[in-house]
Structures are given as structure tokens and as C-alpha cells.
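Throughout, protein chains are lettered first and strands after them, A, B, ... in sequence-line order, and every chain is numbered starting at 1.
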Protein chains: 2
Amino acid sequence: MPKQSKKELIIQEAAAIFKHKGYSATSMRELAEKVGMEAASLYNHIRSKDEILEEICFKVANQYVSHISMIEDTDETNVQKLRDLIQLHVRMIIAEPDEVSVANNDWKNLSDTKKELYKTIRKGYEKRIANLIKAGIAAGEFKDLNVSVALFTLLSSLRWIELWYKPGRDISPEQLENDLMTLLINGFQK
Amino acid sequence: MPKQSKKELIIQEAAAIFKHKGYSATSMRELAEKVGMEAASLYNHIRSKDEILEEICFKVANQYVSHISMIEDTDETNVQKLRDLIQLHVRMIIAEPDEVSVANNDWKNLSDTKKELYKTIRKGYEKRIANLIKAGIAAGEFKDLNVSVALFTLLSSLRWIELWYKPGRDISPEQLENDLMTLLINGFQK
DNA sequence: CCTACCGATCGGTAGG
DNA sequence: CCTACCGATCGGTAGG
């Protein structure tokens with residue numbers, strides 16, 4: 001069994017509650033109850049409610065950034081890079097659905113300075129995917145679409161998974177990845 | 001100029017703030033300031049904070065439902081119905097970006113009974129789109145994909161628009177619709 | 001539509 | 001890790 005600090009446990013439970021009710025609607029007393037201690041005791045492990053949200057958001061953001069770096073460093077075709085990106089998104093969402101969901105939905109509640117940092121990181125990530133799309137268009141691999149439309153359609157079409165996918169679903173991660181790739185790369189039409 | 005009741009003004013301003021900060025993180029005092037009155041005075045026009053959220057969520061939900069009914073009543077091909085659906089989503093988001101955004105993101109904060117009702121309406125809507133997709137597959141118009149994957153990819157790929165589109169963007173609603181349709185129906189690949 | 005105010009709950013601290 | 005508790009803020013009401 002993996003060793004997990006109390007702080008990690010608190011953050012994990014917090015992510016689950018935040019996902020379900022949202023950060024602002026979740027009280028520290030509720031979190032404490034889930035973790036099995038009094039609200040005041042939480043503060044022996046974490047500095048503030050804010051800090052929990054920060055840890056979740058930046059952990060997720062950093063994982064996404066390291067993924068795109070990996071993909072950029074290959075010398076595959078742009079279509080294959082797009083496939084890799086879709087696969088990495090799917091796998092990250094399946095591995096940590098709560099954290100990914102909270103980062104995507106509750107980053108607005110970060111403190112002003114952290115929120116600006118988060119937005120900067122996210123914009124950098126989007127820029128790198130936009131470059132991938134541009135390269136694909138320039139190479140004649142992708143259709144000549146508006147880059148922003150392609151970028152955000154891609155990113156948001158991967159976001160329902162965090163809300164929908166549960167281990168009990170009658171679809172394997174592999175089939176999910178395959179259908180998603182087919183849909184995004186070749187579209188609905190037969 | 002259209003006549004708008006104070007209640008409508010309050011709901012409109014509330015939608016804008018809720019979209020920006022989230023329902024739970026928005027106080028009635030903040031809303032009152034935006035509207036130009038004291039917090040207590042809001043209650044001459046609305047019953048509760050809850051009620052504002054309900055009005056926004058169900059107004060949007062009912063609009064979506066009436067749209068799908070219109071589409072079902074045509075005798076177009078399923079591909080064309082899919083196009084119509086995309087177009088209606090885009091136009092609704094452009095017409096009322098705040099309300100649509102709040103309904104999509106803050107429905108979790110509805111009271112328990114209203115939340116159940118909202119989920120029921122949404123599931124009904126999803127079911128009808130799933131049937132459209134199934135009909136398209138059966139008719140040989142759409143690829144034989146997992147229906148849930150196709151359904152949620154479609155719906156969520158239309159959701160970034162509410163966060164991104166502003167009148168000042170260098171893309172017209174028409175081009176946005178066209179690029180989105182091309183992407184969803186025929187995919188990224190050239 | 002405002003002043004005045006309520007009880008409840010919030011995030012967080014002191015002290016052990 | 002708990003008991004006890006703080007100041008701030010919340011949604012909302014009374015009364016005019």
C-alpha cells in the first residue's frame with residue numbers, strides 16, 4: 001500500500017467534494033468530517049482552504065505542461081501528435097478525475113495572484129497546442145480551419161470525460177480513446 | 001428600447017457575476033451594488049438567491065428543449081439535423097452567453113428538488129440527441145461510434161464558445177458555425 | 001427602496 | 001488532534 005501523508009489525504013478528499021459541490025460551496029467543517037477530524041485540526045496539515053485549491057490546480061496544470069513537452073520532442077507527424085495529445089488527456093482524466101475536474105472548474109476561486117499565474121500557464125499550454133495545429137495545417141495534414149476554433153473544440157471535447165467516465169462504464173479506456181480519436185480526426189460523417 | 005422589469009435586470013446582472021465568480025462565491029450585497037440598490041431591497045423583486053439561479057437554469061433548459069423539438073419535426077437527413085443542432089447551440093450561446101454559462105456550470109447549486117428536476121430535463125435532452133445519433137448511424141450517415149462518446153463529444157465541444165466568444169473576436173458567427181460544423185462532421189484531417 | 005438588524009455559518013486561531 | 005472561540009460575512013426579515 002502506498003504511503004500517503006495526511007495532507008495528501010486531505011487534498012484528495014477535498015478534490016472529491018469540490019468536484020461534487022464546487023470550492024466555494026464546500027466548508028472546511030464538511031471536509032474535516034470526511035477526513036475524520038475536527039475542522040480546526042485540518043490546519044495542522046494545511047495552511048488554508050486556499051492552499052488546497054492551489055495544490056490541486058497547479059499539480060494538474062504542471063502535468064499537462066509536461067505532457068505537451070513530451071509530445072513536442074517526438075518527430076512524429078502532426079496527426080500522430082494530435083493522437084498522442086488526445087490519449088494523454090484521456091489517461092490523465094481517467095487517472096485523476098477529481099483533480100482534473102476541480103482544476104478546470106474551480107480555478108476562478110484562486111487568489112488573485114495565483115489566478116493570474118494559473119491563467120498564464122494555461123495560455124502557454126494552449127499556445128503550444130495552437131502551434132501544433134498550425135504546423136499540421138501548414139504541412140497539409142489538417143484542414144485549413146480557424147486555429148482558435150480548432151484549438152478550443154479539441155480541448156473542450158475532451159472535458160466531458162471527467163464528468164462521465166467511471167470504471168463501471170461499458171466502454172474500455174482503449175475504446176474511448178479510439179472513438180474519440182476517430183471522431184475528432186475524421187468526424188461524425190461516414 | 002425593450003421594457004425590462006427590475007427583476008429581469010437583477011437576473012441579467014446576476015448571470016454576469018455568477019458566470020465570472022460562480023454562484024456560491026457571489027454575495028447578494030455584491031449583486032445589489034451592481035444593480036444599484038441595497039441588498040435588502042433586492043428582496044422586493046426576488047424571493048431568494050436560489051430563485052435567481054432557478055430562473056436562469058430553467059429558462060436555458062427550456063430553450064434547449066424547444067430547439068430539439070423543432071429539429072425533430074423536420075424531415076431532413078440526420079446530417080442536416082446535426083448541422084441545425086450545432087447552429088442552434090452556437091446562436092443561443094452568442095445570444096445569451098451569461099445565462100447559458102451559468103446553467104451549465106452552476107446548476108449543482110440548485111436546491112435538491114430543483115436539481116433533480118434540472119437533471120431530469122437535461123437527461124431527456126441528451127436522450128433525444130442520442131436518438132438523433134442512433135438514427136444517423138442506422139441510416140448509414142454517421143460512423144458506427146459509441147453513442148455516448150459521440151453525444152458528449154458533440155455537446156461539450158460546443159461549450160467553450162460561451163467562455164471564448166465576444167463580439168470583438170475576429171471571426172463572424174457564420175464562420176464560427178461553419179468551422180465547427182466542418183470539424184465535427186468531417187474532422188481535423190484533410 | 002432604505003436603515004437596522006438577526007441567527008447562522010464561515011475560515012481560521014489560541015492554547016493545550 | 002481537540003475544545004473553545006473569534007471577527008467577518010452570509011442570506012434574509014422587520015418596519016417604515
Worksheet item: So which of A:Glu55, A:Lys7, A:Lys6 actually passes side chain to side chain contact (heavy atoms under 4.5 Å, CB included) with A:Ile46?
Response: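 For A:Ile46, the side chain to side chain contact (heavy atoms under 4.5 Å, CB included) test succeeds with only one of A:Glu55, A:Lys7, A:Lys6, which is A:Lys7.
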Worksheet item: So, is B:Lys6 near the phosphate of C:dC1, with a side-chain N or O under 4.0 Å from OP1 or OP2?
Response: yes
Worksheet item: Does C:dG11 have OP1 or OP2 sitting under 4.0 Å from an N or O in the side chain of A:Ser48?
Response: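 False: A:Ser48 side-chain N/O out of range (4.0 Å or more) of C:dG11 OP1/OP2.
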Exercise: identify the closest heavy-atom pair between [X] and [Y]:
{"X": "A:Val102", "Y": "A:Ala15", "answer": "CG2-O, 3.4 Å"}
{"X": "A:Phe142", "Y": "A:Leu132", "answer": "CE1-O, 4.0 Å"}
{"X": "A:Val147", "Y": "A:Lys134", "answer": "CG2-CG, 3.8 Å"}

From [atom1] of [X] over to [atom2] of [N], roughly how many Å is that when rounded to an integer?
{"X": "B:Tyr43", "N": "C:dC6", "atom1": "OH", "atom2": "C1'", "result": "13 Å"}
{"X": "B:Leu42", "N": "D:dT13", "atom1": "CG", "atom2": "P", "result": "12 Å"}
{"X": "B:Glu33", "N": "D:dG11", "atom1": "CD", "atom2": "C1'", "result": "17 Å"}
{"X": "A:Asp50", "N": "C:dG11", "atom1": "CG", "atom2": "P", "result": "11 Å"}
{"X": "A:Glu38", "N": "C:dG15", "atom1": "CD", "atom2": "C1'", "result": "16 Å"}
{"X": "B:His45", "N": "C:dC2", "atom1": "NE2", "atom2": "C1'", "result": "13 Å"}
{"X": "A:Lys21", "N": "C:dC10", "atom1": "NZ", "atom2": "C1'", "result": "13 Å"}
{"X": "A:Lys49", "N": "C:dT9", "atom1": "NZ", "atom2": "P", "result": "15 Å"}

Item to complete: Side-chain contact test, heavy atoms from C-beta onward, threshold under 4.5 Å: evaluate it for B:Lys115 versus B:Lys119 and give yes or no.
Response: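 Answer yes - side chains close enough.
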Worksheet item: About how many Å separate CG of B:Asp98 and CD1 of B:Ile93, when rounded to the nearest 0.5 Å?
Response: 12.0 Å
Fill in: Salt-bridge contact B:Glu99-B:Lys19 (side-chain N to carboxylate O under 4.0 Å)
no
Fill in: A:Glu33 atom CD: more than 12 heavy-atom contacts under 6.0 Å
no
Worksheet item: Between B:Ala39 and A:Met37, which is nearer to the 5' end of DNA chain D once each is assigned its nearest nucleotide?
Response: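 Closest to the 5' end, via its nearest nucleotide, is A:Met37.
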Worksheet item: Name the stems with DNA chain C in them: runs of three or more consecutive Watson-Crick or G-U pairs, distances under 3.5 Å?
Response: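 Detected stem regions: C:1-16 with D:1-16.
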Worksheet item: Does A:Lys49 make a cation-pi contact with A:Tyr23 (under 6.0 Å, within 45 degrees of the axis)?
Response: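 Yes, a cation-pi geometry.
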Discussion item. So if I take residues 24-32 of chain B and measure heavy-atom distances to DNA chain D, which residues fall below 4.0 Å?
Written reply: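 Of all residues in residues 24-32 of chain B, the ones placing a heavy atom under 4.0 Å from DNA chain D are B:Thr26, B:Ser27, B:Met28, B:Arg29.
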Item to complete: Looking only at side-chain atoms of A:Asn44, point me to the closest of D:dG11, C:dC1, D:dC1.
Response: D:dC1
